[in-house]
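Reading through the C-alpha cells given below for one structure.
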Amino acid sequence: MAYQLYRNTTLGNSLQESLDELIQTQQITPQLALQVLLQFDKAINTALANRVRNRVNFKGSLNTYRFCDNVWTFVLNDVEFREVTDLVKVDKMKIVACDGKNTGSNPAE
Amino acid sequence: MFVYLLTNWSLLCPLGCACTHRSGPISLRFVSPVCLFLSQALHQLYYDPNIENKNLAQKWLMQAQISAQAWQFCWALLRPDKVPEIQYFGASALHTKISRYWGDIPAEQYGTLKTQLFSQIALFASGSKIVLTRLCVALASLALNMMPEAWPGAVGEMVRAFQEEGGAADGRARCLALLELLTVLPEEFQTSRLPQYRKGQVRGALGREWAAVCPLLQQLLRQPESPAPVKARALKCLSSWVLLDVPLSESEGLLEAGFAALADPELFDTAVEAIVNAISQPDSQRYVSTLLKLVPQVLQLQEQLREAVQNGDMETSHGICRIAVSLGENHSRSLLEQVEHWQSFLALVNMIMFCTGIPGHYPVNETTSSLTLTFWYTLQDDIMSFEAEKQTVYLQVYRPVYFQLVDVLLHKAQFPTDEEYASWTSDEKEQFRIYRVDISDTLMYVYEMLGAELLSNLYDKLGRLLTNAEQPTSWQHTEALLYGFQSIAETIDVNYSDVIPGLIGLIPRININNVQLADTVMFTIGALAEWLADHPVMLSSVLPLVLQALGNPDLSVSSVSTLKKICRECKYDLPPYATNIVAVSQEVLIKQIHKTSQCMWLMQALGFLLSALPVEDILRNLHSLITPYIQQLEKLADETPNPSNKLAIIHILGLLSNLFTTLDITKQEEESGDSAPPIKSTPPQTGPNPVVVVLQQVFALIQTVLSKWLNDSQVVEAVCAIFEKSVKTLLHDFAPMVSQLSEMLGQMYSTIPQASALDLTRQMMHIFASETDHFPPIKALFELVTSVTLTIFQQGPRDHPDIVDSFMQLQAQALKRKPDLFLSENLDVKAVFHCGVLSLKFPEAPTVKSTCLFFTELLPHCADVPPVGQVVQDDGKLLLLAVLEAIGGQSSRSLMDQFAEVLFCMNKHCFGLLTVWLKEALQSPGFPSSRVSNEQKDTFSQQVLRERVNKRRVKDIVKEFTLVCRGLHGTEYAAEY
C-alpha cells in the first residue's frame with residue numbers, strides 16, 4: 001500500500017471534499033470513495049518519486065526529532081529556504097519523511 | 001431493452017431479500033431466465049458500442065454478482081457450453097461471494113463447496129486461462145477462510161488432489177493449474193479482508209504450509225525434463241511465497257535453481273523477480289549464512305553481465321544489476337560484519353561499481369546505472385555507523401572505493417557530444433537532467449565520508465586538465481568536474497577547504513566555448529557566494545566573469561541568479577564594484593536581454609547591492625536606475641489603457657517592488673539571542689530613508705496611473721505590492737508615507753474595492769497599531785474600508801470571496817492589535833458580525849478560515865468591548881447555527897478544526913448563552929443533519945459543553961460528530977490515517 005500522508009495536501013483535500021460531497025448526495029458509496037483515495041495515494045507517491053527532481057536548500061535549528069513506525073519526524077525552528085528566486089523564512093517547520101522505496105508498510109502521519 | 005432487464009431482475013429477486021439462507025451456496029438449481037439476462041448483460045458490457053448501455057449493464061451485473069442468487073447462477077454460468085466471458089463472470093461471482101459473504105455459508109456446506117471448486121479447477125485446467133485463475137482465486141479465498149481449524153493441511157490436500165491421475169486434463173495441465181493455485185494463495189492473503197486477529201492466525205498457518213510447497217517447487221525446478229512453462233510458473237510461485245517471509249534458509253535450494261534458470265532467456269525475467277523478492281524480504285537478514293552463500297552465486301553472474309553489456313542487451317544487464325543491488329542494498333550491514341568474508345563482499349561492491357559505471361549515456365544507451373545510487377548511500381551509512389575503531393578499519397578499505405565512485409559518477413554525469421545531445425528528445429534531456437541531480441545528491445552525501453580530500457582531489461584533476469597543454473580537453477570533462485564542485489559547495493560549508501582559492505584561480509583558464517559549460521561555471525561561482533563573503537579579496541576575480549555573462553541571453557538564469565547570490569552574501573564588500581555592477585545591469589535591462597522574472601531577480605540583486613552604500617550614493621544610483629522607468633511610466637500613464645501598455649505598467653511596477661523588497665539600509669544584528677526577534681539598528685542618518693524619498697517622488701505618478709487603471713485588479717495589485725514590500729522592509733521608517741498612502745487607499749477602495757488594498761491596510765495596522773502619532777489616518781482608513789465593504793455585503797458578496805477573505809483577516813488583525821477600534825461610533829459592529837456569519841457559509845475554504853479566525857479573535861472581547869458583548873448576546877445564536885450547519889455537512893470536512901475553535905471560544909467566553917442556544921438549536925428535527933439521532937445530538941452537546949480547557953478534545957468531538965452527520969462514521973474511507 002502507498003503512503004497516505006499526501007492526502008493532507010491541497011490536492012488531496014480537494015479530492016476528499018469532492019468525494020465527501022458525492023457520498024453525501026448518495027452518488028457513490030464510501031467503499032468506492034476509499035478505492036479512489038487509495039488510487040490517489042498510489043498515483044501521487046509514484047509521481048512524486050519519479051517525476052520531481054526540483055531541489056531547494058534550507059537550514060534551520062533542529063528542535064525535536066523522532067523515528068517511530070519507520071517515519072522520521074523533524075521539527076525545526078527559524079528555517080531559511082534558499083531558492084534561486086527568493087529567500088523565505090519560517091518560524092517553525094515540521095518534516096515528515098518516510099522511506100520512498102518502502103511500499104510494503106503503511107505508516108500514518 | 002435494459003430497463004426491461006432490470007425490472008425483470010428485481011421481479012425475480014428483489015436485491016437484499018432474505019433468500020440467502022434458504023438456498024445454500026452450492027445449490028445447482030438452474031435459474032434459466034437469470035442466466036439469459038446475465039448473458040445478455042455481459043454481451044452488452046463487452047460489445048455494445050453505446051457507453052450508457054455498457055454502464056447500465058455493468059451496474060446491473062455488479063448488483064447481480066453480490067445478490068443472493070449468485071450462489072446458484074455462478075455454477076450454471078461455468079458450464080462448458082458457455083463462452084469464456086460468461087464463465088469468467090461466473091467464477092468471479094463465486095470469488096466475490098466467498099471472499100465477501102463468507103458468513104452466508106453454513107459450516108456443513110464447506111466440504112461440498114470445496115469439492116465442487118476442485119472439480120471445476122480440474123475441468124478448467126485445460127480450458128480458458130482467465131477462468132482458471134479466477135477459480136483458483138476463489139478456492140484460495142475458501143482456503144483462507146477455513147484455515148487453520150476447518151481445513152488443516154490445506155496445501156497438502158491441494159497438492160495431493162492435483163497429483164492424482166484422472167479427469168480430462170493431462171499431467172502437465174494439472175501441474176500448471178496446481179502451481180497457479182499455489183501462486184494465488186499468498187496473493188489472495190495479501191489482499192484479503194480477513195479481520196486482524198484472523199490475519200495473524202492464517203499467516204501462521206500459511207507459513208507452516210510452506211513445508212508442503214517447498215519440496216514440490218524444488219522437484220519441479222531441478223528436474224531437467226521439466227518444461228520451461230512449468231519452471232516459469234514454479235518461479236512465479238516462489239516469488240509469491242517469499243513475500244510471506246518464509247525462512248530464507250529453507251529456500252536456499254530454490255534460489256540456487258533460480259540462479260541456474262538465469263541462463264535460460266525464457267526464464268530470465270521470472271527468475272530475477274523471484275531472487276530479488278527473496279533477497280529483499282525484511283526477514284531475510286536473519287539468515288546470514290544463506291546470504292553468504294548467495295554472494296558467490298551473484299558474483300558468478302559477472303560474466304553474463306559483461307557479455308550482455310558488450311552486446312547491448314539492456315534487459316539482461318538490468319536484471320543482473322537488480323540482483324546484485326538488492327543483495328548489497330538490503331544486507332550491506334550484515335555482510336560487512338562478516339569480517340572473514342570481506343573480500344567476497346568487496347567483490348560484490350566492485351560488481352555494483354561496474355553497474356554504476358556501465359558504458360553509455362543515461363537514459364539513451366543504458367538505464368541501469370541509476371538503480372545503484374541508493375546502494376552507495378546505504379553502504380556509506382552502514383560504514384559510518386560503526387564505532388570509531390571499527391570504522392577506521394573499514395574506511396581504509398572503502399575510502400578508495402568511494403574515490404573511485406566519484407570518478408565513475410563524474411564520468412557518467414558528462415554531457416554527450418554536441419551532435420549526439422542535439423539528437424536527444426526533450427524527454428531524454430529531462431531524464432538526463434534528473435539523473436545528474438541524483439548524481440549531484442550522491443556526491444554531496446559522499447562528501448560526508450571523504451571530506452575536504454574530495455575537494456582537493458577534484459581540484460587536482462581540474463588543474464591537470466586545464467594546464468595540460470598536450471592533450472586537448474573536452475568541455476564535457478571540465479564541465480563534469482565543476483559540476484562535482486558545485487554539487488558539494490551548494491549545500492556544504494566549504495570554508496575550511498584550502499583549494500577554493502586555487503579553484504577560483506583556475507576558472508579564468510577555462511575556455512568557455514559552450515553554453516552548458518558556461519552555465520555550470522556560473523552556478524559554481526554562485527555556490528561559492530558564502531565563501532566569497534568570507535574571502536572578499538577574491539571577488540575581483542569572479543565578478544568580471546559574471547558581469548560579462550549577464551549580457552548573454554543564453555546564460556540568463558545562471559548569471560542573474562549568481563549575481564543575486566553574490567549581492568546578497570557579499571553586499572558589504574561590494575561598494576567598490578557598485579558603479580560597475582549598476583552600469584552593466586542598467587545596460588542589460590535597457591537592452592531587454594532577460595525575461596521578466598530574471599529582470600525581477602536582477603532588481604533584487606541591485607537592492608541588496610545598494611543597501612550597503614552611503615545614503616547619498618543610494619539616492620544617486622536610484623535616481624539613475626529608476627529615471628528611465630519613471631519617464632516610461634509617465635508616458636504610459638498618458639496613454640489610453642490597452643492590454644499591451646498594461647503589461648508594460650505591471651512590469652515597471654514589478655521592477656520597483658522587487659528593488660524595494662531587498663533595499664534595506666538597516667543592519668541585521670547577527671544571532672541576537674535565541675528566541676528574540678532580530679533587532680534592526682539604523683545607522684546614524686540625516687534625512688529620511690532613501691526608499692521613502694523615492695516613493696514620495698513617484699507618489700503622484702502612481703496616483704495618476706491608478707486613476708486610469710482603478711478597475712483593473714492586476715494593476716492595483718502591482719501598485720499595492722510596491723508599498724507592501726516597502727512597508728515590510730522599512731517597518732517604522734515607512735511612517736512618513738502613512739498619511740498619504742492611507743488617503744490614497746481610501747479613495748481607491750471607495751471607488752473600486754480590491755482585496756489588495758485591504759491587505760495593505762492590514763499590514764499598516766500591524767506595524768503602526770501602537771504608534772499614536774501615525775495611527776489616526778489608519779483608523780480613519782479602517783472605518784472607511786469597513787463601511788464600504790458592508791455595502792458590498794448588502795449588494796451580494798458572493799462575487800467577491802477574495803475581498804471577504806481579506807476583510808475578515810483585516811477585522812481579525814484589528815481585534816488583535818487594537819480592539820478599541822470596535823468601541824468607535826463609526827464602526828457598525830453588529831453589521832460586521834452579521835457579515836461574518838454570512839461568510840461562514842461561503843464555499844471558498846480560505847474565506848471560511850479567515851472568518852473563523854475573525855470570530856476566535858472577536859469572542860474573547862465579549863467582556864471588555866461592550867459593543868462586542870452586546871452583539872454576541874443578541875445574535876450569537878445565529879453564529880452557533882451557522883457553525884452547526886457547517887459541521888452538519890454544509891462545509892468542507894477539512895475546515896472542522898476551525899469551526900471547532902469557534903465553538904470552543906463560545907464555550908469559553910459565553911458559556912451560559914451557549915448552553916441555552918445549543919439546546920434550542922439541536923431541538924429542531926433533522927438539524928444539523930437528518931442522519932443524527934436525538935441521543936447523538938445530546939451526547940455531542942454534553943461533550944462540547946464539558947470541554948472548556950482542552951481544545952484538542954473539542955476538535956476530536958467535532959470531527960466525530962461531523963462524520964455521523966455526513967454518514968461517514970465507521971467507514972474505512974473516513975478512518976483516520
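Quick caveat: nothing in here was measured; it's all calculated off a predicted structure.
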* Asked: Contact part of Ser892(B) toward chain A, heavy-atom cut-off under 4.5 Å: side chain, backbone, both or neither?
  ->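 Both the backbone and the side chain of Ser892(B) come within 4.5 Å of chain A.
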* What part of Gln431(B) gets closer than 4.5 Å to chain A, counting heavy atoms only: side chain, backbone, both or neither? ->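 Looking at Gln431(B), nothing touches chain A.
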* Output yes when Lys59(A) and Glu530(B) qualify as a salt bridge under the 4.0 Å nitrogen-oxygen rule, no when they do not. =>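 Here Lys59(A) pairs with Glu530(B) in a salt bridge, since their nearest N and O are under 4.0 Å apart.
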* Does the distance from a Lys or Arg side-chain N to an Asp or Glu carboxylate O, for Arg7(A) and Asp41(A), drop under 4.0 Å? ->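 Looking at Asp41(A) together with Arg7(A), the answer is yes, because their closest N to O distance falls below 4.0 Å.
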* Leu76(A) side, atom CG; Ile95(A) side, atom CD1 - distance, nearest 0.5 Å ->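 Nearest 0.5 Å value for the CG-CD1 distance: 5.0 Å.
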* Asked: Looking at OG of Ser891(B) and CE of Met896(B), how far apart are the two atoms once the value is rounded to the nearest 0.5 Å?
  ->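 One finds 5.0 Å between OG of Ser891(B) and CE of Met896(B).
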Side chain, backbone, both or neither: which part of [X] has a heavy atom under 4.5 Å from chain B?
{"X": "Glu21(A)", "answer": "neither"}
{"X": "Gln24(A)", "answer": "both"}
{"X": "Leu32(A)", "answer": "neither"}

* Look at the rings of Tyr435(B) and Tyr362(B) and say which category their plane angle falls in: under 30° parallel, 30 to 60° tilted, over 60° perpendicular. =>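 Rings of Tyr435(B) and Tyr362(B): parallel, under 30°.
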